Amino acid sequence: MNYEVLEALGQIAQEKNVNRDLVIETLEIGLLSAAKKRFGMSDNVEVQIDSVSGNIQIFANKEVVEDDAVEEPGLQIGLSAAHEIAPKARVGQQVKEELRFSDFGRNAIQSAKQILIQRVREAERERIYEDYRGRIGEIVSGTVQQISHGDILINLGRTEAVVPLKEQIRKERYRQGDPLRAYLVDVLRTSKGPQVVLSRTHPTFLVKLFQFEVPEIYEGIIEIKAVAREPGARAKIAVHSNDDRIDPVGACVGMKGSRVQAVVRELSNERIDIVAWSEDEAIFLSRALSPAVVKRVVVDRRERWMTAIVEDDQLSLAIGKSGQNARLASQLTGWKIDIITETKFQEIQEEKAATFVPLSDVPGVGKIMRERLQAAGVASANDVAEASLSRLLEVPGIGEVIALKIQSAAREIVSIKVEAYREEQRKEKAAAEAARAEEEARQAAAEAARAEESAADEPSEAAPESEGGEQHIGDQDE
């Protein structure tokens with residue numbers, strides 16, 4: 001062995017991106033395995049590799065015995081043979097016998113080679129796993145290698161990644177060799193090596209793209225507080241500026257929309273709404289429902305529920321196509337939301353006022369319990385009927401049995417009153433519709449009568465005079 005061997009090992013280490021010392025250590029293990037395969041021994045074998053000269057030597061430590069007492073040639077050596085190695089050797093001592101590569105045989109060398117290849121491959125896989133494990137949360141670039149069962153296989157250079165079908169934007173189509181950028185979500189250990197999992201639908205992918213395009217986000221001057229996405233269709237992001245002099249929405253949009261358009265193009269024309277974040281939940285929801293104009297917001301912090309009230313002509317815009325705008329606004333704010341018109345809100349308020357039932361009307365609710373319920377914010381039978389069981393159990397002195405009992409009684413009383421009110425409203429509505437229909441019929445009849453009278457009063461057309469009836473002044477003189 002010479003320096004060329006050591007240089008080849010260094011080249012292997014560089015190509016596979018593994019530690020050179022690991023390659024040398026692996027070679028030692030392979031040679032020990034080859035010795036065991038050829039000579040049936042390994043525990044007493046020693047491999048010495050000179051990292052400077054590249055010289056590799058293999059020795060077997062053997063016990064010196066009399067020439068006629070050698071029973072295990074792999075572990076023992078006759079005295080005469082020992083004297084050739086160490087002239088002063090004596091029976092019972094240990095000597096190192098050098099093993100020649102020529103004695104190993106082809107199979108043993110092939111075994112050492114396989115061990116070296118396998119160990120280097122495992123080390124390379126481990127290095128790749130650790131490298132990409134530390135890059136989770138970054139955007140990586142590669143080229144499309146192939147599409148298999150709907151999954152896109154990406155060549156990253158050192159390894160292969162996959163974009164599973166569920167992590168793809170549905171309307172995107174790729175061909176072999178196309179460049180692709182995606183968000184690194186996970187690295188899995190598999191029998192074939194590390195599997196890098198990428199995503200183009202992850203909300204953070206949108207955040208990372210904005211970090212590339214908007215320096216203020218990368219520098220931390222502007223923060224992306226929340227993201228909501230329906231990949232490939234529409235997204236909303238809430239941004240906040242830590243510098244009052246910088247408009248966060250304007251900075252993200254860029255000059256003539258250049259910054260946001262760069263992100264839109266990367267995401268296959270996914271529409272992106274950028275709104276200013278606010279600590280005030282009502283203001284934040286109003287902005288999140290853009291482009292619709294919200295008139296006001298009713299907030300229920302206990303249930304984390306908000307009701308957005310809009311003008312009648314803004315309802316469809318606030319809800320969006322197939323409810324998309326409302327869903328994204330709910331995801332962005334983290335609250336459950338209702339969207340109703342001003343007219344509907346007024347009807348609800350009128351019904352609440354008309355169907356109010358005091359706590360004193362609920363059977364089983366005495367003065368002390370009534371005071372405790374009111375102190376807990378449950379001020380009417382209507383509140384008892386709508387409250388969750390857990391909320392009633394928070395009231396001192398109310399157990400599950402009592403809570404269920406008074407809630408059942410409250411619901412019965414309230415439902416009777418609500419049904420009576422709605423029935424009355426239905427009757428009033430029906431009467432109003434009947435009156436309107438009657439008025440419309442009356443007006444139609446009056447219009448018809450006026451039309452008939454107008455037709456009767458029109459004069460009949462005069463018959464045209466004959467030519468002989470026409471006289472001139474000159475004719476009379478004659």
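Because only heavy atoms are used, hydrogens play no part in the values below, and waters and symmetry mates are left out as well, while side chains stay in. All values derive from a computational prediction rather than experimental measurement.
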Subject >> Verdict with reasoning, Ser390 to Ser388, per side chain to side chain donor-acceptor pair (under 3.5 Å) >> reply: CA-CA 5 Å; Ser390 60; Ser388 63; 3.2 Å; yes

Quick one, [X] and [Y] - any side-chain contact, counting heavy atoms below 4.5 Å?
{"X": "Leu156", "Y": "Ile154", "value": "yes"}
{"X": "Ile224", "Y": "Ile217", "value": "yes"}
{"X": "Arg271", "Y": "Gln324", "value": "no"}

Under-4.0 Å salt bridge between [X] and [Y]:
{"X": "Arg245", "Y": "Asp243", "result": "yes"}
{"X": "Asp312", "Y": "Lys344", "result": "no"}
{"X": "Asp131", "Y": "Arg127", "result": "yes"}
{"X": "Arg327", "Y": "Glu230", "result": "yes"}

Original post:
Can you list every pair that meets ring pair (Phe, Tyr, Trp, His ring centres under 6.0 Å) and has a residue in residues 136-185, with sequence neighbours left out?
Top reply: Tyr183-His202

Can you tell me if [atom1] on [X] sees more than 12 non-hydrogen neighbours from other groups inside 6.0 Å?
{"X": "Arg426", "atom1": "CZ", "value": "yes"}
{"X": "Lys171", "atom1": "NZ", "value": "yes"}
{"X": "Glu412", "atom1": "CD", "value": "no"}
{"X": "Glu438", "atom1": "CD", "value": "no"}

Atom [atom1] of [X] and atom [atom2] of [Y]: how far apart are they, to the nearest 0.5 Å?
{"X": "Phe356", "Y": "Ser380", "atom1": "CZ", "atom2": "OG", "answer": "5.0 Å"}
{"X": "Ile398", "Y": "Leu393", "atom1": "CD1", "atom2": "CG", "answer": "8.0 Å"}
{"X": "Arg372", "Y": "Leu392", "atom1": "CZ", "atom2": "CG", "answer": "14.0 Å"}

Within the distance-only criterion (no hydrogens, no angle test), does the side chain of [X] pair as donor or acceptor with the backbone N or O of [Y] below 3.5 angstrom?
{"X": "Thr355", "Y": "Lys417", "result": "no"}
{"X": "Lys236", "Y": "Ser290", "result": "yes"}
{"X": "Ser330", "Y": "Trp335", "result": "yes"}
{"X": "Ser408", "Y": "Leu404", "result": "no"}

Subject >> Result of checking Glu167, Glu266, Gln168 against Arg200 for side chain to side chain contact (heavy atoms under 4.5 Å, CB included) >> reply: Glu266

Original post:
Under 3.5 Å, is there a donor-acceptor pair between the Gln346 and Glu342 side chains?
Top reply: yes

Original post:
Under 3.5 Å, is there a donor-acceptor pair linking the side chains of Gln176 and Gln145?
Top reply: no

**OP:** Identify the heavy atoms of Ala318 and Leu289 that sit nearest to each other, and give their distance.
**Re:** O-CD2, 3.8 Å

Original post:
Mind checking what makes side-chain contact (heavy atoms from CB on, under 4.5 Å) contact with Arg442, not counting sequence neighbours?
Top reply: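 Scan of Arg442 (side-chain contact (heavy atoms from CB on, under 4.5 Å), adjacent residues dropped) gives Glu439.
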
Subject >> Reference residue Glu270; test salt bridge (charged side-chain N to carboxylate O under 4.0 Å, His left out); the match among Arg229, Arg265, Arg234 >> reply: Arg229

